[in-house]
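Data block below; observations after.
Here, residue 1 is the first one in the sequence, and each next residue gets the next number. What you see below is based on every heavy atom in this structure, not just the backbone, and it leaves out hydrogens, waters and symmetry mates.
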Amino acid sequence: MRRHLLSVDDLTREDIDRILGLAESFAEVSGREIKKVPTLRGRTVVNLFYEASTRTSSSFELAAKRLSADLVSVKAQGSAVDKGESLKDTVQTLSAYDPAAIVFRSPHAGAAGLVARWTRASVINAGDGKREHPTQALLDLYTLRRRAGRLEGLNVWIVGDVLHSRVARSNILAFGRMGCRVTVCGPPTLIPRGVEALGCEVRTTLDDLGEADVVYALRMQHERMDGTYVPSLREYATRYGINGRRLGAAQLLMHPGPVNRGVELSGEVIDSPQALITDQVESGVVVRMAVLYELLAGGGGSPARSQSRDPGATEPQPA
Ligand code: ASP
């Protein structure tokens, strides 16, 4: 695997398999009372978030802490960015701490690639505008494989605001790479032109939703809309909202969060046993531990095995 994780395109199928395997090992660690291993002791991880986040920032924080790294979290709001410091200057300032990794989120497509040019740290793209969110795709693969027992051959429908969704882009690539058949569906105004080139089919109605094994709903990304894309949210919910009538008993339901209840999903499906939404959040920690391990500790082999050879491995680390 490369030094940075900027896009799902940085990952081969073998890389993805290895990361999912590592995440399984870390799930075992997460089941322990003391959920900590010394793998990244003495290394520094910087979380640099220029955009709102609950799940991604908290799970990266927990992942770094459970690997015993020193963690610095910087949110643009309240930092020197508010005083007009440029991204390059901020990155160079934080790089003075010699971090092993910078986890970076930005509202601008391609910004993570720029950061990778300005630092010696490994850069992990935690969402860059509407472009990509590779660790979301990895945790979705992990969650789905755990529940369905396989990925190969699954029929996945990604429904909603595909146009503004970095999750859609990363997941089309990731599900496709692992042998799923991917269909995107939404109002024509919210389907990017040429999206088929990423390896998916396009539908503009839910008429054939019954063929899906997995329904992956997307949030309406109002913060990235510069105009009106649907007549009204009520109309959108009527035509594209996933509810108990539309979701078949054998279909699984995923959503990256945050959910707009009553818009893309009805309350009954969010709380149904078919929904994997909280499993996705839970998977975020172990998958992000696996990504940090893979990039910073060299990967290759099970961390649980390698740590059992390390006499300090099971020692809890001071908080
Ligand atoms: N949390 C995901 C993201 O950061 C999805 C969303 O915000 O709708 O892209």
Side-chain angles (χ1 to χ4, degrees), residues 49 51-60 62 105 107 126-127 129-130 132-144 146-148 156-172 174-175 182-187 189-191 203 206 209 212-225 228-288:
F49 278 63
E51 211 188 46
S53 173
T54 302
R55 295 155 197 76
T56 307
S57 62
S58 59
S59 60
F60 263 116
L62 269 179
R105 168 168 288 191
K130 57 183 183 180
E132 279 227 40
H133 194 355
T135 59
Q136 175 74 47
L138 288 169
L139 74 87
D140 290 333
L141 292 174
Y142 175 84
T143 309
L144 182 56
R146 279 202 134 190
R147 174 66 79 96
V156 181
W157 275 51
I158 299 177
V159 179
D161 179 6
V162 180
L163 181 65
H164 300 100
S165 174
R166 53 194 173 212
V167 173
R169 196 180 153 78
S170 287
N171 273 356
I172 294 167
F175 283 130
V182 184
T183 300
V184 297
C185 177
T189 47
L190 290 175
I191 303 285
R203 306 285 174 85
L206 292 180
L209 187 71
D213 299 304
V214 182
V215 179
Y216 193 110
L218 299 170
R219 183 175 65 90
M220 292 289 269
Q221 318 258 306
H222 299 291
E223 72 276 24
R224 292 198 192 98
M225 294 186 186
T228 310
Y229 289 83
V230 290
S232 70
L233 284 183
R234 178 193 276 248
E235 163 106 9
Y236 175 84
T238 308
R239 297 199 55 192
Y240 297 98
I242 308 298
N243 53 32
R245 217 167 15 86
R246 289 192 167 133
L247 190 71
Q251 291 177 312
L252 295 174
L253 176 68
M254 302 180 81
H255 189 297
V259 175
N260 290 311
R261 269 183 190 252
V263 180
E264 64 264 9
L265 297 180
S266 70
E268 58 187 341
V269 295
I270 297 172
D271 302 325
S272 74
Q274 291 140 271
L276 302 186
I277 302 168
T278 40
D279 304 39
Q280 289 170 269
V281 178
E282 196 183 328
S283 302
V285 177
V286 292
V287 169
R288 287 170 173 132

Hey, does [Y] have a side-chain heavy atom less than 4.5 Å from the side chain of [X]?
| X | Y | answer |
| --- | --- | --- |
| R219 | P258 | yes |
| M225 | D161 | yes |
| I158 | C185 | no |
| W157 | L209 | yes |
| L144 | F175 | yes |
| I277 | M254 | no |
| V285 | L62 | yes |

Could you pull out the closest heavy-atom pair between [X] and [Y], with the gap in Å?
| X | Y | value |
| --- | --- | --- |
| Q274 | G248 | NE2-O, 2.6 Å |
| V230 | M220 | CG2-CE, 3.6 Å |
| L141 | A174 | CD1-CB, 3.9 Å |
| I270 | A275 | O-CB, 3.4 Å |
| A217 | P256 | O-CD, 3.3 Å |
| S58 | R55 | OG-O, 3.3 Å |

Atom pair CG/CG of L247 and L206 - distance to nearest 0.5 Å: 11.0 Å
Could you grab the distance from atom CG of D279 to atom CZ of R147, nearest 0.5 Å is fine? 5.5 Å
Those residues that, when tested against Y229, pass ring pair (Phe, Tyr, Trp, His ring centres under 6.0 Å) (two or more places apart): H164
Those residues that, when tested against Y240, pass ring pair (Phe, Tyr, Trp, His ring centres under 6.0 Å) (two or more places apart): Y236
What I want to find out is whether D271 reaches R261 closely enough, with some N-O distance under 4.0 Å, to be called a salt bridge. yes
Residues [X] and [Y]: side-chain donor-acceptor under 3.5 angstrom:
| X | Y | value |
| --- | --- | --- |
| R288 | S59 | yes |
| H133 | R169 | no |
| D140 | Q280 | yes |

Strictly distance-based, threshold 3.5 Å: is any side-chain N or O of S266 a donor or acceptor partner for the main-chain N or O of G262? no
For Q251 and A212, indicate whether the former's side chain and the latter's backbone hold a donor-acceptor pair under 3.5 Å. yes
Mind checking what makes side-chain hydrogen bond (donor to acceptor under 3.5 Å, both in side chains) contact with R224, not counting sequence neighbours? E51, Q221
